Amino acid sequence: MQVRDNQLYLGGIRAADLAREYGTPLYVYEEDTIRARYAELVESIPYPKLRIHYACKANANVEILRLLRECGANAETVSQGEILLALQAGFEPNQILYTCSNITVEELRFVLQSGVTMNLDSLSQLRRCGELRPGSSISIRVNQGIGAGHHAHVITGGPESKFGIDVLQLEEAKSIAEQYRLTIIGIHQHIGSNVLDEAILIEAMKALLATAARLPHLEFVDFGGGLGIPYRPDDRRLNLRAFGQEASALFAAFCRSYGKELTMVLEPGRYLVAEAGTLLATVTDVKRSPHRTFVGIDSGFNHLIRPAMYGAYHPIVNASRVQGQEEVVTVAGNLCEAGDVFARDRTLTRCEEGDLLAILNAGAYGFAMSSNYNARPKPAEILVSAGRANLIRPRERLEWSSPY
Ligand code: LLP
């Protein structure tokens, strides 16, 4: 965190100046952090045939996609819209992986025509894909019964998860593929999100490799995303170097016994963008009730739903006065819903109306999950680097024509 004269700076620019120029609420992304995270990830994994597919769902702003493409990333998509955004950002179809969940035949047709690599999630999709385009090369997502993540909503492996072809049905998947001359060139799993224990990631890798050994025509093995970041002050940082070393050794040994040097694919979303993003909001109302102090801001869970949806913790800083007399407060949004709270019992420097609050680590699943609840417009997004800011999405405006 950059602080000068007790004020918060982002990308070399005073947060207050950004707020003045672009208004609040405002999403600010620091380019250098995204570049650094990408470089750090790639450097930590020595296995040479590594491909990173950035999970666009974490933050699908087309300029963020462009930036990650420039860094060397490929794209992982989950909808027709994300494929279109990835193409708009300059990714070639062969750099795009599409993982489906309960898709329509129309969407399946679109994906097949677009030429991206298809990662199928069910036996029915395999059959439909075979009927529409027999002879294709495809990847399959398997559910190995292993799940992990920061909240039940983000655990994507295990018997309760809607995702993947159960590993017990692998032979059935293979025979459907054979029936339609589909070549299974990829195998995929994603166990969940914000995993901070590299041992779980390694255990899941081992399980996937045991299944991969049963598919003779593989070109890649995709271990999904899930690499976590520390949100709470006492969260430990993932030991990326240890993970990268172990994952590479494991994969290289697998490839030796498989008899072919396969591509290792990872699909990080959060890891690359979460720490680069800050949601700036203005304090509109300080309510010192007999029980609590409520710091009300001009944003709500329509802009950052993670605290309301998962009870997620985001660090919050008074950007106008980073240090000073402190106060324990509830930081609340401007929506008509009691759960519209960003933090409870949080110690902040004493807030005054007009102060600027910075909600940190908001670059992943922030704007991407925003909505127009309460008919409130979405914020602007800017990308900052070395003292320069670029508007990468204008603020939504209310379209208002008075009936009177
Ligand atoms: N690959 C697949 C197939 C996925 O479903 C996901 C995330 C990722 C990759 C990227 O996961 P990551 O590296 O970002 O953990 N909204 C939740 C997270 C939902 C993740 C959904 N899938 C949150 O805000 O915590």
Side-chain angles (χ1 to χ4, degrees), residues 34 37-38 41 51-60 64-65 68 73-79 82-83 86 96-103 116-122 139-144 146-158 161-165 186-198 200-201 204 208 220-232 235 238 240 243 265-277 279 301 303-314 342 359 361-371:
I34 297 178
R37 286 290 170 268
Y38 187 85
L41 179 63
R51 222 166 57 200
I52 303 293
H53 282 257
Y54 166 62
C56 299
K57 63 181 83 60
N59 187 327
I64 302 287
L65 301 186
L68 280 157
N74 301 271
E76 188 263 342
T77 60
V78 286
S79 68
E82 282 189 2
I83 292 177
I96 303 173
L97 184 69
Y98 172 84
T99 297
C100 10
S101 177
N102 301 331
I103 63 168
V116 309
T117 306
M118 185 89 181
N119 187 29
L120 299 164
D121 176 73
S122 72
S139 164
I140 56 168
R141 176 174 189 167
V142 292
N143 185 339
Q144 303 262 130
I146 302 174
H150 70 89
H151 187 278
H153 292 352
V154 303
I155 296 175
T156 46
S161 166
K162 68 168 180 160
F163 295 106
I165 297 171
I187 184 169
H188 167 278
Q189 83 177 353
H190 170 72
I191 62 167
S193 199
N194 205 37
V195 182
L196 285 172
D197 182 357
E198 44 290 347
I200 295 173
L201 296 169
L208 186 63
F220 67 87
V221 181
D222 183 341
F223 297 99
L227 303 177
I229 62 126
Y231 284 96
R232 293 177 181 274
D235 277 345
L238 194 67
L240 205 55
F243 166 73
V265 176
L266 292 177
E267 298 174 347
R270 184 190 315 272
Y271 191 81
L272 297 174
V273 293
E275 291 163 290
L279 175 59
F301 72 58
H303 299 157
L304 178 65
I305 203 170
R306 302 192 70 259
M309 188 159 174
Y310 313 114
Y313 180 101
H314 283 262
F342 289 96
I359 306 177
N361 294 348
Y365 307 108
F367 189 96
M369 293 178 82
S370 64
S371 75

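Note that the coordinates shown come from a computational prediction; the quantities given were computed from them, not determined experimentally. All values below were derived from every heavy atom in this structure, side-chain atoms included, with hydrogens, water molecules and symmetry-related copies excluded. Both ligands and their constituent atoms are indexed starting at 1 by order of listing.
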Enquirer: Write out the residue and atom name of the closest protein heavy atom to atom 15 (O) of ligand 1, then the distance separating them to 0.1 Å.
Expert: S193 OG, 2.4 Å
Enquirer: Rounded to the nearest 0.5 Å, what separates atom CD1 in I359 from atom NE2 in H303?
Expert: 11.0 Å
Enquirer: Taking 4.0 Å as the limit for heavy-atom contacts, which would you say applies to A55 with ligand 1: side chain only, backbone only, both, or neither?
Expert: side chain
Enquirer: Using a 4.0 Å cut-off to any heavy atom of P268, which atoms of ligand 1 qualify?
Expert: 13 (O)
Enquirer: Any side-chain to backbone donor/acceptor pair from Y365 onto A274? Under 3.5 Å, distance only.
Expert: no
Enquirer: Is there a donor-acceptor pair under 3.5 Å between the side chain of T77 and the backbone N or O of I83?
Expert: no
Enquirer: Which residue is it: I191, D121, V142? I am looking for the one with a side chain to side chain contact (heavy atoms under 4.5 Å, CB included) to F163.
Expert: D121
Enquirer: If I compare all heavy atoms of F301 with all of F342, which pair ends up nearest, and what's the gap?
Expert: N-CZ, 4.3 Å
Enquirer: For Y310 and ligand 1, answer yes if some heavy atom of the residue is under 4.0 Å from a ligand atom, otherwise no.
Expert: yes
Enquirer: In this structure, does ligand 1 have an atom that sits under 4.0 Å from one of the heavy atoms of G226?
Expert: yes
Enquirer: Which residue is it: L201, L272, V195? I am looking for the one with a side chain to side chain contact (heavy atoms under 4.5 Å, CB included) to L227.
Expert: L201
Enquirer: Regarding R141 and T99, is there a side-chain donor-to-acceptor distance under 3.5 Å anywhere?
Expert: no
Enquirer: Distance to 0.1 Å, residue and atom name: give those for the protein heavy atom nearest to atom 20 (C) of ligand 1.
Expert: Y365 OH, 3.6 Å
Enquirer: Which residue and atom name correspond to the protein heavy atom nearest atom 19 (C) of ligand 1, and how close is it?
Expert: V154 CG1, 3.9 Å
Enquirer: Considering only protein heavy atoms, which is closest to atom 22 (N) of ligand 1, and at what distance to one decimal place?
Expert: K57 CD, 3.5 Å
Enquirer: Do the non-hydrogen side-chain atoms of N74 and V265 ever get within less than 4.5 Å of each other?
Expert: no
Enquirer: Using a strict 4.0 Å cut-off to heavy atoms of R306, name the atoms of ligand 1 that fall inside it.
Expert: 23 (C), 24 (O), 25 (O)
Enquirer: Report the part of H153 in contact with ligand 1, treating N, CA, C, O as backbone and CB onward as side chain, heavy atoms under 4.0 Å; options are side chain, backbone, both, neither.
Expert: neither
Enquirer: Could you check atom 5 (O) of ligand 1 against the protein and tell me its nearest heavy-atom contact, residue, atom and distance included?
Expert: H190 CD2, 3.5 Å
Enquirer: To the nearest 0.5 angstrom, please state how far the OH atom of Y310 sits from the CD1 atom of I305.
Expert: 7.5 Å
Enquirer: Which of the atoms of ligand 1 are close to R141, meaning less than 4.0 Å from one of its heavy atoms?
Expert: 3 (C)
Enquirer: Using a 4.0 Å heavy-atom cut-off, say whether M369 meets ligand 1 through its side chain, its backbone, both or neither.
Expert: side chain
Enquirer: Say you draw a straight line from CG of N143 to OG of S122; how long is it, rounded to the nearest 0.5 Å?
Expert: 12.5 Å
Enquirer: Could you tell me, atom by atom, which parts of ligand 1 come under 4.0 Å of a heavy atom of R270?
Expert: 12 (P), 13 (O), 14 (O), 18 (C), 23 (C), 25 (O)
Enquirer: Which value, rounded to the nearest 0.5 Å, describes the distance between D222 atom CG and T117 atom OG1?
Expert: 10.5 Å
Enquirer: For ligand 1, does E76 get within less than 4.0 Å through its side chain, its backbone, both, or neither, judged by non-hydrogen atoms?
Expert: side chain
Enquirer: So is A364 in contact with ligand 1, going by heavy-atom distances below 4.0 Å?
Expert: no
Enquirer: Could you tell me which atoms of ligand 1, counted from 1 in the order shown, lie closer than 4.0 angstrom to a heavy atom of E267?
Expert: 1 (N), 2 (C), 3 (C), 8 (C), 9 (C), 10 (C), 13 (O)
